[in-house]
Amino acid sequence: MKTRLSLGQKSALLSLALFGVLLLVWQLATLPETTTVAAGVDPEYAALMGGGAASSASSFPTPAQMARTVWERLSDPFYDNGPNDKGIGIQLAYSIARVLAGFFLAAAVAIPLGFVIGNSRVVYQALDPYVQLLKPISPLAWMPLALYTIKDASASSIFVIFICSLWPMLINTAHGVANVRRDWLDVSRTLEVNPLRKAFRVILPAAAPTILTGMRISMGIAWLVIVAAEMLVGGTGIGYFVWNEWNNLSITNVLFAIIMIGVVGMALDSVFGVLSKRVAYQE
Amino acid sequence: MSTPVTHPFLQVEHLARVYPSPTGGEDVTVFDHVNFRIHKGEFVCVTGHSGCGKSTILNILAGLDKASAGNVFMDGREVSGPSLDRGVIFQSHALMPWLTVLENVSFAVKSRWPSWSKAQIRDHAMRYIELVGLRGAEHKKPSQLSGGMKQRVGIARAFSIEPKMLLMDEPFGALDALTRGVIQDELLKICAETQQTVFMITHDVDEAILLSDRIMLMSNGPHARIAEIVNNTLPRPRERSAIHKHAHYYPIRNHLVDFLVSRSKLFGAQRDAPDAPSSPTVFDPAELLEPEPVVTHTPPVGKPHIHLVNA
């Protein structure tokens, strides 16, 4: 009997198969080392490498251990036992709050400024050298400057997020606004639409897909940067958690944090995916 | 067709458009000394080869472009910028794709009457959507409509603001022949009902004959001018299926085609002659038209008024 699978079913099956292979490889790679010395290897060398000890005390967890940790951590995400022992939910909440604060501050600056830049060739060309110069700077390079001037670790990481979110939104907004189709502008001119109404009813919807792409890129970068920023400033947040667990040599927790960073990043991105679909239009 | 002998509604005087040469040489004059008048309720078509500046003239009338020289007066006032008094139908229909049909038309209505209530705007917009036969499609987005339907929305939007004058830049150029015919008939009907003054650019000789009261023929650029004006003497109401039986139809049509095929170039050649600057710049086609018609052919009765303005 032949059953035809839909495209979605096929890719779901393939995904599951890949996951299975991954778990298998993982399991095999983390098997407890029961054999002491492999044949043909110099025993002294093996001893040096720790093989002779027959220890299975590798810090790298097996899939089962990992699953147990994930379950434990996720079943109690909001406990707080002092600065170095907080639930994953609290750590993520700190990071997300910082990212959102920096991101929306950046949006509040970048989108109006992008409107101005996109509307005026003079302003565009005047600001272009600055944007080109500032854009390639790693946001973390601002950290010392931020710490020195702001003198607050949390605010400094928000500032770093602000700086890294600014450019994609600014450039995309300016680009979207500058490339609104002439026809639509001509229509609003012949209808004597006032500037404010034109900005909100014509230019904004016309440029919205481009602006939202910029916001999506910014959010992606912000989430990448917050981990590094929190590793630097410490205290709270998922980045600090990763670094703290590395210091504890708890590879399991590091792995768990990595997975959570991926999950949250994916969730943030999919929010913008939904928003993009909302404002998209087909010509 | 009798045109009212009042002050012309639209008056265009010595309009010219000069572009600086890209190579730094002599400036390029696309057209100059363009003079014409349009009376209220008149439907005027302009035709000519690409590059003679028809669209530029239309954009200047719309206020979207600036003339290098000359003036445009409408209703006694100089045209200096875009205005709700002049509705424009764009060839590319220029609908906003994020708005539905109703929202597109309502956007224009709200621009025209900002103080109206939502219900008033909606009713008014719906009336024009119905006029172009799009009832039932009002909640569709432009991307869900065919080319002909999109252009109908463009027409509804332009008419909905009840402009004093309508400007159309090859509105049906992108449509297939069948759809074009249907929409032309609708336009004919709506214009008859609303007594709309229209200035329309077209490349389609048959379209010009079907719709217009007068047809302005432009010579080739550079230095393009309105070379001839043809009075369309076919009686209204006109039926697509019947107009070609009228005695005037083929003389008019042949005259137009002749112009486009051969005479449009001759005018250009004449302009290059050394007498170009001395040629009379003040010629008013409308005045030349009315008195004794210059008879160019011999048919005794029912001859269409074809007037060679520049020859």
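So you know, we letter chains A, B, ... as the sequences are listed, proteins then strands, and number each from 1. Below, each value reflects all heavy atoms present in this structure, side chains not excepted, and no hydrogens, waters or symmetry copies.
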B:Ile161, part contacting chain A, at a heavy-atom distance under 4.5 Å:
side chain

Geometric class of the B:Trp98/A:Trp184 ring pair [parallel <30°, tilted 30-60°, perpendicular >60°]
perpendicular

More than 12 heavy atoms from other groups under 6.0 Å of CG on A:Leu18:
yes

Which of parallel (below 30°), tilted (30 to 60°) and perpendicular (above 60°) describes B:Tyr128 and B:His124?
tilted

Region of B:Leu95 in contact with chain A, defined by heavy-atom distances below 4.5 Å:
backbone

Is there a donor-acceptor contact under 3.5 Å linking the side chains of B:Glu42 and B:Thr197?
no

Chain B shares the most heavy-atom pairs under 4.5 Å, among A:Leu191, A:Asp183, A:Val193, with A:Leu191

Are there more than 12 heavy atoms of other residues, nucleotides or ligands under 6.0 Å from atom CZ of B:Phe73?
yes

For residues 128-136 of chain A, which side-chain donor-acceptor pairs fall under 3.5 Å, sequence neighbours excluded?
from, atom 1, to, atom 2, distance (Å)
A:Asp128, OD1, A:Gln132, NE2, 3.2

Checking heavy atoms, do the side chain of A:Ala206, its backbone, both or neither come under 4.5 Å from chain B?
both

Toward chain A: residues of residues 57-66 of chain B with heavy atoms under 4.5 Å
B:Gly63, B:Leu64

So if I apply the side-chain hydrogen bond (donor to acceptor under 3.5 Å, both in side chains) rule between A:Asn179 and each of A:His175, A:Arg182, A:Arg181, which one comes out positive?
A:His175

Chain A shares the most heavy-atom pairs under 4.5 Å, among B:Ala108, B:Pro114, B:Pro163, B:Gly87, with B:Ala108

Above 12 or not: heavy atoms from other molecules or residues under 6.0 Å from CG of B:Leu178?
no

Is the count of non-hydrogen atoms from other residues, nucleotides or ligands lying under 6.0 Å from A:Phe115 atom CZ greater than 12?
yes

Portion of A:Val202 that has a non-hydrogen atom of chain B nearer than 4.5 angstrom
both

